[in-house]
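Here is how names work: the chains are called A, B, and so on, in the same order as the sequence lines, proteins then strands, and each is numbered from 1. FYI, side chains are in, hydrogens and waters are out, and symmetry mates aren't considered; it's all heavy atoms of this structure.
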Amino acid sequence: MGNPNYTTHLGMVDILPGDVERWHFIENLIRDTARTFHFKEIRTPILEDTGLIARGIGGDTDIVSKEMFAFERGDDRYVLRPEGTAPAVRAYIQHTLHQRGGSQKLFYIGPMFRAERPQKGRQRQFHQFGAEILGSADALADAETIALMHTLYRRLGVAHITLKLNSVGEPESRKTYREALRDYFRPHFHLLSEISQKRFDTNPMRILDSKEPEDRPLIEGAPLIREYLDADSAAHYRQLQKHLDRLGIPYEEDPYLVRGLDYYTRTAFELTSSDLGAQDALGGGGRYDLLVEELGGPATPAVGFAVGLERLLIVADALNLPLGGEKRLDVYIVTRGDEARKWALKHLRPLRDTGLSASMDLQARSMKAQMKEADREAARFVLLVGDDELASGSVTLRDMDASTEETVHFPEALRRMVGVAEG
RNA sequence: GAGCCUGUAGCUCAGUAGGUUAGAGCGCCAGGUUGUGGCCCUGGAGGCCGUGGGUUCAAGUCCCAUCAGGCUCCCCA
């Protein structure tokens, strides 16, 4: 591919014409779906304070410990946001959105950055759609959040997806559970995989979703968190399941589902697809009742999720879902001679003012070359203007689909083209 | 951070046990039609064979390094 002087950095990709339309399609679908749930869009800066991210996500997570694009400038520490929840919560606090009353239903779409090794479905700059409900502790909020995520995929037409559901309880019950897990694994410690041995101390719950074969039999006998859930969390979990049943949203209880970010409480969920390969998570989320207070705001229960748009596109492609491509051109003006080019320049405006897309040759090429370009851009019509037309005050209107043409006055040509474009 | 694989025209790829001026299809440009697209024919432009070093009389082809990419582990969206 030659040797250009400059190329994108590792894990950063350009989205080119022909591809951009697919992004528009899903972005439109997302915004419209969020609108029907009456979630409101929020846009936050791509750069955030490093402290916010470290505090919000947790210093022990991979994201914070080794995947941040961060730099300093003067006394300020900046980081390219690796996820959207902490920034959304920051904005919620900073602008006292809780004073607006009720519970705030927010969503965002935008680029996120993590310095990981890129692979299928994972880029260093990737895009997420996320939604958050702040201010409700009710399981109804969890259900609405999940319903939004589920509706998006249903409306996209994705069929084979699995919603995994679990409750990770309150910090207290989790602490008890962690100890119970250590007690259980301790006698078998030497049988655990190397990775799991490391996690034994740091985060024994992560042993549960280990993919190492030698861990599987041990995990099957391990105590489950549901046996250690506090009464309120257990009730909340049952309530959510009833809501999901009422909504007709199928789910699979996964007692081993443990999500990577520190801030989750109670509800944890994940949407997976077999079409994705190794990175099979389409989206995931959960409840984070302590985060707002942790970041300096009023104690505010909250729940949310994020879905990866790159992965959504992969799934859509695997299913051959029509996302659309480049739009065809309505009218291309083919000219012959300088006078005709001047005529064309003047007449582009009335064409465009009616809403038609209109274009012309910018290189003074032959008519044949102009026709080829009109064809390449899938022009619906060609307006041909040369000496004859200029002399008679008319234009040749060519219907490129029907391969027919006739000579008419410009206003008449305009009327006909608008009629077809609207039909 | 680790492993495996790949790197020849804009794109998809051929390039024989290392041997003279590096190929195809598609795409692009032009001509065949001095005022017209899609099909067809003809011609053309476009490659320091990712980069650097080494082996050799000779390297796209072998070796080493490096860079980039893909997939996987880890982790996550």
Could you tell me how far [M] sits from [N] if I compare only their [atom1] atoms? Round to whole Å.
N      : M      : atom1 : value
B:rU12 : B:rU55 : C1'   : 33 Å
B:rG47 : B:rC11 : C1'   : 14 Å
B:rU21 : B:rC28 : P     : 32 Å
B:rG10 : B:rA45 : P     : 15 Å

Ion pair present between A:Asp399 and A:Arg380, side-chain N to carboxylate O less than 4.0 angstrom?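 A salt bridge links A:Asp399 with A:Arg380.
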
Salt bridge or not between A:Glu116 and A:Arg124? Use side-chain N to carboxylate O under 4.0 Å.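 Looking at A:Arg124 together with A:Glu116, the answer is no, because their closest N to O distance does not fall below 4.0 Å.
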
Tell me if the aromatic rings of A:Phe200 and A:Phe185 count as close, with their centers under 6.0 Å from one another.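 Judged by ring-centre distance (under 6.0 Å), A:Phe200 and A:Phe185 do not meet the cut-off.
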
Compute the centroid of each ring, for A:Phe305 and then for A:Phe129, and state whether the two points are separated by less than 6.0 Å.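 Yes, close enough.
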
Going by modelled atom types, is there a donor-acceptor pair between the base of [N] and the side chain of [X] at under 3.5 Å?
X        : N      : answer
A:Arg122 : B:rA77 : no
A:Gln123 : B:rA77 : no
A:Arg311 : B:rC76 : yes

Quick one: does any side-chain atom of A:Thr396 pair with a main-chain N or O of A:Glu406 as donor and acceptor, under 3.5 Å?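 Side chain of A:Thr396 to backbone of A:Glu406, a donor-acceptor pair under 3.5 Å: no, none is there.
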
Under 4.0 Å between any heavy atoms, over every strand shown, what does [X] touch: base, sugar-phosphate, or nothing? Just pick one.
X        : result
A:Gln125 : nothing
A:Leu10  : sugar-phosphate
A:Gly337 : nothing

Using the 3.5 Å cut-off, write out each protein N or O paired with an N or O of nucleotides 36-38 of chain B and the distance between them.
residue: B:rU36; atom: N3; partner: A:Glu405; partner atom: OE1; Å: 3.1
residue: B:rU36; atom: N3; partner: A:Glu405; partner atom: OE2; Å: 3.1
residue: B:rU36; atom: O4; partner: A:Glu405; partner atom: OE2; Å: 2.4
residue: B:rG37; atom: O2'; partner: A:Asp375; partner atom: OD2; Å: 3.2
residue: B:rG37; atom: N7; partner: A:Arg398; partner atom: NH2; Å: 3.0
residue: B:rG37; atom: O6; partner: A:Arg398; partner atom: NE; Å: 3.2
residue: B:rG37; atom: O6; partner: A:Arg398; partner atom: NH2; Å: 2.3
residue: B:rG37; atom: O6; partner: A:Ser403; partner atom: OG; Å: 2.7
residue: B:rG37; atom: N1; partner: A:Met400; partner atom: O; Å: 2.8
residue: B:rG37; atom: N2; partner: A:Asp375; partner atom: OD1; Å: 3.1
residue: B:rG37; atom: N2; partner: A:Met400; partner atom: O; Å: 3.2
residue: B:rG37; atom: N3; partner: A:Asp375; partner atom: OD1; Å: 3.2
residue: B:rG38; atom: O4'; partner: A:Asp375; partner atom: OD2; Å: 3.3
residue: B:rG38; atom: O6; partner: A:Ser403; partner atom: OG; Å: 3.1
residue: B:rG38; atom: N1; partner: A:Ser403; partner atom: OG; Å: 2.6

Before giving the answer on side chain to side chain donor-acceptor pair (under 3.5 Å), spell out for A:Thr265 and A:Arg287 the whole-Å C-alpha distance, their side-chain angles and the decisive distance to 0.1 Å. CA-CA 5 Å; A:Thr265 54; A:Arg287 180 162 277 285; over 6 Å; no

Answer yes or no: are there more than 12 heavy-atom neighbours, outside A:Arg186 itself, under 6.0 Å from its atom CZ?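 Atom CZ in A:Arg186 is crowded, with more than 12 foreign heavy atoms closer than 6.0 Å.
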
From NZ of A:Lys120 over to P of B:rA77, roughly how many Å is that when rounded to an integer?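 A:Lys120 atom NZ is separated from B:rA77 atom P by 19 Å.
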
Calculate the interatomic distance between A:Ile57 atom CD1 and B:rC76 atom P; express it in whole Å.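 Roughly 11 Å, once rounded to whole Å.
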
Side chain of A:Arg117 (C-beta onward), nearest among B:rA30, B:rC74, B:rC71: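 Within the option list, the nearest is B:rC71.
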
